[in-house]
Peer 1: 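Pasting a structure here, questions to come.
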Protein chains: 2
Amino acid sequence: MAPTAETLTAERILEATEEVLRRHGPAKATVVDVARALGVSHGSVYRHFRTKAALREAVTKRWLDRTSQELSGIATDASRDPETRLRDWLATLFAAKRRKAGDDPELFATYMVLTDESGSAVADHVADLTGQLARIVESGVESGAFASPDPARTARALFQTTGRFHDPCYAGDWTRPDIETDFTAVLDLLVRGLRTS
Amino acid sequence: MAPTAETLTAERILEATEEVLRRHGPAKATVVDVARALGVSHGSVYRHFRTKAALREAVTKRWLDRTSQELSGIATDASRDPETRLRDWLATLFAAKRRKAGDDPELFATYMVLTDESGSAVADHVADLTGQLARIVESGVESGAFASPDPARTARALFQTTGRFHDPCYAGDWTRPDIETDFTAVLDLLVRGLRTS
DNA sequence: GGACTGACAGATATTGAAATCTGTCATCTG
DNA sequence: CAGATGACAGATTTCAATATCTGTCAGTCC
């Protein structure tokens, strides 16, 4: 077997695909381009990914998982009180999205196209994030800080109500000057609804 | 002056434009089509609307205003308590949007295209709706049912947090079976955050 | 023999010439 | 003379021919 650097792995294909998507955009990125970037024939790519759609979905999943990872640390950090963790978690999610959208709008638009066509990757990602929120809510219920008859349901509500600050369909609003004010107002309202009265 | 039915007015042009948009869709609806439907030359249409974009925006504004009207009655009905009014107002908004999206998806898609290209019509509409919400919140503060240091700000937060149930970008989710559950969960959380503890 | 290639058929995207549309305006009409 | 017309220039869209891509697979190469 040739050395690792020259072995064609799924991982190397995903990296090359990301690069091709970054360069060409989602409309013009072809499997042939990916193969060319790797110096192989496009038939070899199809040995690792059944279809172009599967390849794109794998890239999307990787990208989404990076965000999940960044947040899971906050969700499970038992050393801080649940309200602080909740605020921090949502603020970090918002900041991460806004940074991605602001730093490289074209790449962000590329991933918006990918997530739109992705079958279950986005749903899985949302389920993951909602699960993290549920953990925070559960911590709060246990410590007596939060009231919630059904933390999973409350977590869904928290995720959905804050959509304006993490859902890509609102990316255009994230540069507005009063977005921070709006974010604070929403968070205050939600936390108030969550606290034990 | 010829009888009203034959006089070319802005109103008649708007009606004809709606019909042309309904028949042809936003991509294929032309000013020439509108003029043909009215039995006049397209030059006459340009006497009433400076550009095609202005004509489309006027149609959009009319369409949005119809929804505002439907809701304003609830917002100003002082005979019912604020919490009931708030829940009713949001439920009515959700129901209206879901009905429009479900009954005639193509027409709804048409208006999504129009609102996307409309300059200020959507912003004005959102400001109108947020103003109605602010009235309800104010009523609640006056009656002692709600706590809010800044009703206008709270109204914005209420509108934004419920986006999933009225923003067209989520129209695809409105047919999901558990959407009603989600709506109730969100409303419960928000109302709890609003009530005087 | 397992990984890779490249020719191939059908599907999709690109391209440029022709058709249509937008917006203007000199002219007409009642 | 107020309101309507239709020819026109430049911009945009359509359409069909052409090129490229996707996904397969028989065959090649370590």
Side-chain angles (χ1 to χ4, degrees), chain A residues 1-60 106 109-110 113-114 116-119 121, chain B residues 1-60 106 109-110 113-114 116-119 121:
Chain A
M1 187 70 80
T4 305
E6 292 179 6
T7 306
L8 189 61
T9 62
E11 186 59 25
R12 280 190 64 217
I13 294 173
L14 290 176
E15 271 160 29
T17 306
E18 275 195 0
E19 181 57 23
V20 168
L21 283 165
R22 193 172 285 120
R23 273 202 214 291
H24 298 4
K28 289 190 176 177
T30 72
V31 177
V32 172
D33 289 331
V34 174
R36 190 167 23 237
L38 289 163
V40 299
S41 80
H42 74 281
S44 301
V45 174
Y46 280 97
R47 177 164 302 281
H48 291 84
F49 296 94
R50 211 155 41 294
T51 64
K52 182 187 188 180
L55 173 57
R56 286 175 157 235
E57 184 153 352
V59 170
T60 308
E106 279 190 46
T110 293
V113 172
L114 292 188
D116 269 349
E117 67 192 34
S118 117
Chain B
M1 188 68 81
T4 305
E6 291 179 6
T7 306
L8 188 60
T9 62
E11 185 60 23
R12 281 190 66 219
I13 293 173
L14 290 176
E15 271 161 28
T17 306
E18 275 196 0
E19 181 58 22
V20 168
L21 282 165
R22 190 172 287 118
R23 274 202 214 291
H24 297 5
K28 290 192 177 177
T30 71
V31 177
V32 173
D33 288 332
V34 173
R36 189 167 26 237
L38 289 163
V40 300
S41 79
H42 74 281
S44 300
V45 174
Y46 280 96
R47 177 164 301 283
H48 296 266
F49 295 94
R50 219 188 296 65
T51 64
K52 183 187 185 180
L55 173 58
R56 286 175 158 236
E57 185 153 353
V59 170
T60 308
E106 279 189 47
T110 292
V113 172
L114 292 188
D116 268 349
E117 65 191 35
S118 117

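All values reported here derive from a predicted model rather than from experimental measurement. Naming: A, B, ... by sequence-line order, numbering from 1 per chain. Every heavy atom of this structure was used, including side-chain atoms; hydrogens, water molecules and symmetry mates were not.
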Peer 1: Roughly how many Å is it from NZ in A:K52 to C1' in D:dT20, rounded to a whole number?
Peer 2: 11 Å
Peer 1: Are the side chains of B:V31 and B:T17 in touch, meaning some heavy atoms are under 4.5 Å apart?
Peer 2: no
Peer 1: What is the distance, to the nearest angstrom, from the CG atom on B:L55 to the P atom on C:dT22?
Peer 2: 10 Å
Peer 1: If you compare all heavy atoms of A:L21 against all heavy atoms of A:P26, which two are closest, and at what distance to 0.1 Å?
Peer 2: CD2-CA, 3.9 Å
Peer 1: Within this structure, what is the NE2-to-P distance between A:H48 and C:dA3, rounded to whole angstrom?
Peer 2: 8 Å
Peer 1: Using atom CD of B:E117 as one end and atom P of C:dT22 as the other, report the distance to the nearest whole Å.
Peer 2: 12 Å
Peer 1: If I compare all heavy atoms of A:A58 with all of A:F49, which pair ends up nearest, and what's the gap?
Peer 2: CB-CE2, 3.8 Å
Peer 1: Within the structure provided, determine whether B:L8 and B:V45 are in side-chain contact (heavy-atom separation under 4.5 Å).
Peer 2: no
Peer 1: Contacts to DNA chain C from residues 21-40 of chain B, heavy-atom cutoff under 4.0 Å, which residues?
Peer 2: B:T30, B:V31, B:V32
Peer 1: For a quick check, tell me whether the side chain of A:H42 and the base of D:dG23 share a donor-acceptor pair closer than 3.5 Å.
Peer 2: yes
Peer 1: Roughly, in whole Å, what's the span from CD1 in B:I13 to C1' in D:dA4?
Peer 2: 12 Å
Peer 1: Just the rounded figure in Å: distance from P of D:dA26 to OH of A:Y46.
Peer 2: 18 Å
Peer 1: Whole-Å distance between C:dG1 P and A:R47 CZ?
Peer 2: 15 Å
Peer 1: For A:K28 and A:D33, work out which heavy atoms get closest and say how close.
Peer 2: O-OD2, 3.3 Å
Peer 1: Might you confirm whether atom CZ of B:R22 has over 12 heavy atoms from other residues, nucleotides or ligands at distances under 6.0 Å?
Peer 2: yes
Peer 1: Take the protein atom CZ of B:R12 and the nucleotide atom C1' of D:dG3, then report the distance between them rounded to whole Å.
Peer 2: 14 Å
Peer 1: Output yes when at least one side-chain N/O atom of A:T51 is less than 4.0 Å from OP1 or OP2 of D:dT22, else no.
Peer 2: no
Peer 1: Quick test of your reading of the model: are B:E15 and B:R12 salt-bridged, counting only N-O distances below 4.0 Å?
Peer 2: no
Peer 1: When you measure from the side-chain N and O atoms of A:S41 to the phosphate of C:dC4, is any distance below 4.0 Å, counting only OP1 and OP2?
Peer 2: no
